[in-house]
Amino acid sequence: MLRIHFTSEDLRRITLAEDTDPLWDVLLSLHVLQEGRELTYGEWWRRTRQVKVADMRLLLSLTPPQGYSPDFLTPGRGNGPLEEQLDWLLSTPTPRFREELSYFNDKQPNSASIRALLDGGAPMLRRLGNAITEYHHAGIAPYKRMLRPHLQADHARRLQALADGGVDRLLNELHPDVVWEPPVLCVLDYVEHDVHLEGRGIVLLPSAFCRRHPITLRDTDLPPLLCFPVQPPVGWLPRVRADDAPEHEPVVALLGRTRAYVLEQVARPTTTTELAQRLGISLAMASRHAAVLRNAGLVDSRRDGNTVFHHITALGRALLNGRSFS
């Protein structure tokens, strides 16, 4: 479990970042890229896997989807453009650079790329910087415009929580895996790790590529930061051909456009009213579409009091992902 210990001064020095951080997005999106195609990021995953980045193996070796990655990879706190943050990365003091890489190498042994970084000094660090730049231009920058509305909506919601209920509500509603027990913020399902803020405050940093639960830095002497997930909805990135012309969607051909859209929307439990509002159709029509998908085994519908929640089944998820199902 991660435990972040606040003082009264820290509660006055919480910063809710308005935008994502370029190097945190690089790190976390590389996690997504290695974990495999899934519903929300499926089209991004398909496109990004096709791009050619020099020294991609070096990037992947430093960013395993589980466990530690060196803190020097993420020097920012949402407070600088990519170029400025790369300067910070490339200026990492040699003792810190070697200590973090050595610690990482102990956790991920037998990596030729890590040994090359340890032995190569400044030239290898510059190669890493070039690889990050290439990857960011291919895998992050083209999608910022499409992700920005979701990030802005999340930021506005959290500011409203702060205005309505103060810091307690902001921290309580940060994420389902976060428990605020003043003066300690706990992140469940995390390695044993304690961070004592000691009056330094903390930056709460959103990322559209952060998954599962919020994460922080290993080095507790670095400026405190907690990066938390803002997962975009299914369908945030429409499927397209390589030439960016709309492709013929097999799911649309099979189900029809409206029902295919309903199937995407219920990747998370969704009420009939929410479906009707999103599609601009009547409640009766939304209920009928959900019933057809339920009868086909693609959707499961369950009642909670007076409300019916619809949720995609494993078969429906496989259909959307374009995978065979067995």
Side-chain angles (χ1 to χ4, degrees), residues 17 19-66 69 73-74 76 78 81-82 85 131-155 175 205-215 227-252 257 260-261 263-268 278 312 316-324:
D19 200 358
T20 61
D21 181 276
L23 291 188
W24 276 96
D25 277 350
V26 166
L27 170 70
L28 295 167
S29 67
L30 285 166
H31 292 173
V32 176
L33 195 65
Q34 294 176 81
E35 287 182 320
R37 181 177 179 178
E38 68 93 52
L39 192 62
T40 300
Y41 302 97
E43 179 61 13
W44 173 87
W45 181 88
R46 184 187 70 80
R47 296 189 201 182
T48 306
R49 282 193 73 209
Q50 296 173 356
V51 303
K52 303 298 182 185
V53 175
D55 289 315
M56 187 67 172
R57 181 173 296 181
L58 175 61
L59 283 183
L60 297 178
S61 68
L62 282 168
T63 57
Q66 302 290 331
S69 289
L73 292 174
T74 50
L82 176 67
Q85 296 204 22
I132 289 173
T133 301
E134 285 187 44
Y135 174 77
H136 186 274
H137 289 341
I140 304 296
Y143 307 104
K144 287 285 291 182
R145 178 181 58 82
M146 286 166 278
L147 289 169
R148 186 167 290 114
H150 308 298
L151 291 160
Q152 290 173 336
D154 183 86
H155 185 72
H175 187 270
L205 177 72
S207 175
F209 293 98
C210 186
R211 301 167 72 187
R212 297 190 182 91
H213 55 66
I215 63 173
C227 184
F228 64 89
V230 179
Q231 190 172 42
V234 174
W236 69 273
L237 183 58
R239 293 181 177 88
V240 296
R241 294 183 185 273
D243 59 2
D244 285 340
E247 69 175 346
H248 181 66
E249 282 289 345
V251 176
V252 172
R257 186 164 300 279
Y261 186 78
L263 190 61
E264 286 193 329
Q265 289 301 300
V266 298
R268 296 178 179 177
R278 293 174 192 174
I312 195 168
R317 192 178 296 275
L319 178 64
L320 278 183
N321 282 341
R323 295 172 175 169
S324 60

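Heavy-atom basis, side chains included; hydrogens, waters and symmetry copies ignored.
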[X]: side chain to side chain donor-acceptor pair (under 3.5 Å) partners, not counting sequence neighbours:
{"X": "Gln34", "result": "Thr63"}
{"X": "Asp21", "result": "Gln85"}
{"X": "Thr133", "result": "none"}
{"X": "Arg57", "result": "none"}

Would Val51 and Met56 satisfy side-chain contact (heavy atoms from CB on, under 4.5 Å), going step by step from the backbone distance to the final call?
-> CA-CA 10 Å; Val51 303; Met56 187 67 172; over 6 Å; no
For [X] versus [Y], what's the shortest heavy-atom pair and its separation?
{"X": "Met146", "Y": "Pro142", "result": "CE-O, 3.4 Å"}
{"X": "Leu263", "Y": "Gly316", "result": "CD2-O, 4.0 Å"}
{"X": "Pro229", "Y": "Cys210", "result": "CB-O, 3.1 Å"}
{"X": "Ala131", "Y": "Leu59", "result": "O-CD1, 3.6 Å"}
{"X": "Leu237", "Y": "Glu43", "result": "O-CB, 3.7 Å"}
{"X": "His150", "Y": "Pro232", "result": "CD2-CB, 4.1 Å"}

For [Y], is there any backbone N or O sitting under 3.5 Å from a side-chain donor or acceptor partner on [X]?
{"X": "Thr48", "Y": "Trp45", "result": "no"}
{"X": "Trp236", "Y": "Thr40", "result": "yes"}
{"X": "Ser69", "Y": "Leu62", "result": "yes"}
{"X": "Trp24", "Y": "Gly76", "result": "yes"}
{"X": "His175", "Y": "Arg212", "result": "yes"}

Output every pair passing salt bridge (charged side-chain N to carboxylate O under 4.0 Å, His left out) with a member in residues 135-147, not counting sequence neighbours, ordered by first then second residue.
->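 Qualifying pairs: Asp19-Lys144.
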Would you call His155 and Val230 a side-chain contact if the rule is heavy atoms closer than 4.5 Å?
->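 Side-chain contact under 4.5 Å: no.
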How about Phe228 and Ser207: do any of their side-chain heavy atoms sit closer than 4.5 Å?
->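 Not in contact.
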Pairwise distance [atom1]([X]) to [atom2]([Y]) - rounded to 0.5 angstrom:
{"X": "Leu319", "Y": "Ile312", "atom1": "CG", "atom2": "CD1", "value": "8.0 Å"}
{"X": "Leu30", "Y": "Ile140", "atom1": "CG", "atom2": "CD1", "value": "7.5 Å"}
{"X": "Gln66", "Y": "Glu35", "atom1": "CD", "atom2": "CD", "value": "6.0 Å"}
{"X": "Leu205", "Y": "Asp25", "atom1": "CG", "atom2": "CG", "value": "8.0 Å"}
{"X": "Leu28", "Y": "Leu33", "atom1": "CG", "atom2": "CG", "value": "12.5 Å"}
{"X": "Leu27", "Y": "Leu23", "atom1": "CG", "atom2": "CG", "value": "9.0 Å"}

ring-ring contact (aromatic ring centres under 6.0 Å, His included) against Phe209, all qualifying residues, sequence neighbours excluded |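 Phe209 satisfies ring-ring contact (aromatic ring centres under 6.0 Å, His included) with Tyr41, Trp44 only.
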